[in-house]
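Have a look at the structure below before the remarks.
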Number of protein chains: 2
Amino acid sequence: MGKDDDGKHGTGRDSYHHGDLRRALIHAGLQLVAERGIEGLTIREVARRVGVTHTAPYRHFDDKMAIVAAMARDGLDMLNAQMEEAMDAAGEDPLQRYQASGVSYVMFAYRHPAYFRVMFLPAVSDREVYPEVATAKEAGYTVLREAIVACMDAGVLRRADPAELTMLSWSLVHGLACLYVDGQLEDADEAAVRERARRMTFHLWRGTRNA
Amino acid sequence: MGKDDDGKHGTGRDSYHHGDLRRALIHAGLQLVAERGIEGLTIREVARRVGVTHTAPYRHFDDKMAIVAAMARDGLDMLNAQMEEAMDAAGEDPLQRYQASGVSYVMFAYRHPAYFRVMFLPAVSDREVYPEVATAKEAGYTVLREAIVACMDAGVLRRADPAELTMLSWSLVHGLACLYVDGQLEDADEAAVRERARRMTFHLWRGTRNA
DNA sequence: ACCTGAACACCGTTCAAGT
DNA sequence: ACCTGAACACCGTTCAAGT
């Protein structure tokens with residue numbers, strides 16, 4: 001010790017380089033949304049928490065919405081990865097994989113409400129302005145859709161327009177997720193939410209199964 | 001003419017009394033949310049549009065959230081009325097009435113996105129703070145639930161926990177409504193949305209019907 | 001009762017300036 | 001390259017003051 005006692009040099013926690021600041025801003029922004037909700041997200045408070053001036057973030061992002069879009073993009077990537085992981089953990093049975101994808105969608109929202117809130121904000125949902133967000137959303141849609149097509153191929157879902165069944169499934173899990181995230185439902189622990197999601201997706205399958 | 005040429009007296013549009021201001025503020029607030037989204041809602045701009053000082057609204061509402069809560073409450077009342085109206089228009093068949101309630105939920109969101117956005121904000125969803133909002137939400141839940149119980153009584157839905165089926169239905173229509181309202185879906189006209197909602201609720205019924 | 005005007009502590013964003 | 005400080009036009013909210 002005595003070598004790095006000057007916090008202003010080196011890799012101390014109040015010096016940033018190579019885009020570390022970018023990541024730190026995104027992380028602090030999520031934290032803030034988790035604590036105070038979406039309207040509590042403030043560039044100035046984020047900068048304060050990270051330890052830089054309130055204008056520093058503008059070196060990495062065009063404006064406030066660009067930070068939100070970066071948060072949304074990270075969240076969508078996480079969700080997609082988590083859905084695919086859950087499907088793989090579910091094994092080979094197409095129906096199990098389909099159900100796992102829906103349940104994991106709900107569980108992602110339950111575990112990461114700040115990410116989920118930010119992912120579907122209208123302000124970051126214009127594909128002209130934030131194409132990466134739109135692309136990440138499409139990737140998730142495709143995961144779900146292919147799980148459904150696999151069920152049709154295996155004969156456990158009736159042959160129908162895949163787009164229609166995908167929208168149906170997405171609406172159901174998205175609705176349940178939103179109700180939890182927006183505090184519309186009585187509090188429930190993780191196991192209870194998972195069980196509810198499982199039963200709901202099962203009911204849905206029964207309405208769309210083959211014969 | 002010539003009698004009311006002085007807009008400052010009488011019942012001209014820039015004088016308020018008997019709580020007219022309250023209604024005018026709510027109306028202007030909705031307009032603003034419709035134009036600029038939830039984060040564009042500003043007490044100062046609302047007051048500006050109504051033609052009063054930015055402190056005048058505080059005579060009628062404790063703070064900004066109280067205005068939002070009043071908007072939410074009005075919207076929920078409208079939704080409940082519209083669901084009941086749609087059920088009556090659907091006739092006597094319990095299944096038709098059940099389906100009509102779900103479809104009208106989605107159509108309300110489609111036609112009144114500003115109301116819908118405001119109705120489920122976490123900030124107005126604490127029953128300790130805004131019990132009227134919570135009560136109005138319960139009334140809607142009850143409408144749906146009773147439509148479901150009527151179907152069970154008539155033997156067109158299997159006997160099960162009504163709460164579970166209500167949550168299932170609510171999640172589905174709420175999810176579709178949110179996806180439209182938040183701009184996650186390609187634009188569609190009213191007839192297309194209604195048809196989609198109809199097909200979805202039908203699929204759901206097939207998964208929960210009796211035998 | 002209802003409204004006003006000034007004031008305070010915040011915002012997002014821009015820009016000249018520093019290393 | 002990256003960060004700072006002052007500045008501008010906004011917010012929500014409070015309060016003494018006016019009719």
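Letters A, B, ... mirror the listed sequences (proteins, then strands); counts begin at 1. All heavy atoms count here, side chains included; hydrogens, waters and symmetry mates do not.
- For B:Arg36, the side-chain contact (heavy atoms from CB on, under 4.5 Å) partners are B:Leu32, B:Glu45, B:Arg49, not counting sequence neighbours.
- Remark: P of C:dC11 and CD1 of A:Ile67 are 14 Å apart, rounded to the nearest angstrom.
- By the ring-ring contact (aromatic ring centres under 6.0 Å, His included) test, A:His203 is found to be paired with no residue, residues two or more places apart in sequence or in another chain being considered.
- In this structure, A:His60 reaches the D:dC3 phosphate: one of its side-chain N or O atoms is under 4.0 Å from OP1 or OP2.
- For A:Val143, the side-chain contact (heavy atoms from CB on, under 4.5 Å) partners two or more places apart in sequence, or in a different chain, are A:Met83, A:Glu84, A:Met87.
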Could you pull out all donor-acceptor pairs under 3.5 Å where a side-chain atom in residues 61-71 of chain B meets a protein atom, sequence neighbours excluded?
{"unit_1": "B:Asp63", "atom_1": "OD1", "unit_2": "B:Met65", "atom_2": "N", "d": "3.4"}
{"unit_1": "B:Asp63", "atom_1": "OD1", "unit_2": "B:Ala66", "atom_2": "N", "d": "3.1"}
{"unit_1": "B:Lys64", "atom_1": "NZ", "unit_2": "B:Leu41", "atom_2": "O", "d": "2.8"}

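- For the pair A:Leu172/B:Leu168, a side-chain contact is recorded, criterion being any heavy-atom separation below 4.5 Å from C-beta on.
- Legend: residues meeting side chain to side chain donor-acceptor pair (under 3.5 Å) with B:His27, ordered by chain and number and at least two apart, are absent.
- The nearest whole Å value for the distance from the CZ atom in A:Phe61 to the P atom in D:dC2 is 13 Å.
- Atom pair B:Asp20:CG and C:dA1:P shows a separation of 18 Å (rounding to whole Å applied).
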Tell me which donor-acceptor pairs under 3.5 Å the side chains of residues 116-123 of chain A have, and how far apart each pair is, sequence neighbours excluded?
{"unit_1": "A:Arg117", "atom_1": "NH1", "unit_2": "A:Val181", "atom_2": "O", "d": "2.9"}

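- For the pair A:Arg48 and C:dC11, the criterion of a side-chain N or O lying under 4.0 Å from OP1 or OP2 is met.
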Completion exercise
Going 5' to 3' through nucleotides 12-19 of chain C and flagging B where a protein heavy-atom sits under 4.0 Å of the base, S where only the sugar-phosphate is that close, and - otherwise, we get BBB-----
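- Under the side-chain contact (heavy atoms from CB on, under 4.5 Å) criterion, A:Ala89 pairs with no residue, sequence neighbours left out.
- Looking at DNA chain C, the stems built from 3 or more consecutive Watson-Crick or G-U wobble pairs, each pair with its key distances under 3.5 Å, are C:4-8 with D:12-16, C:12-16 with D:4-8.
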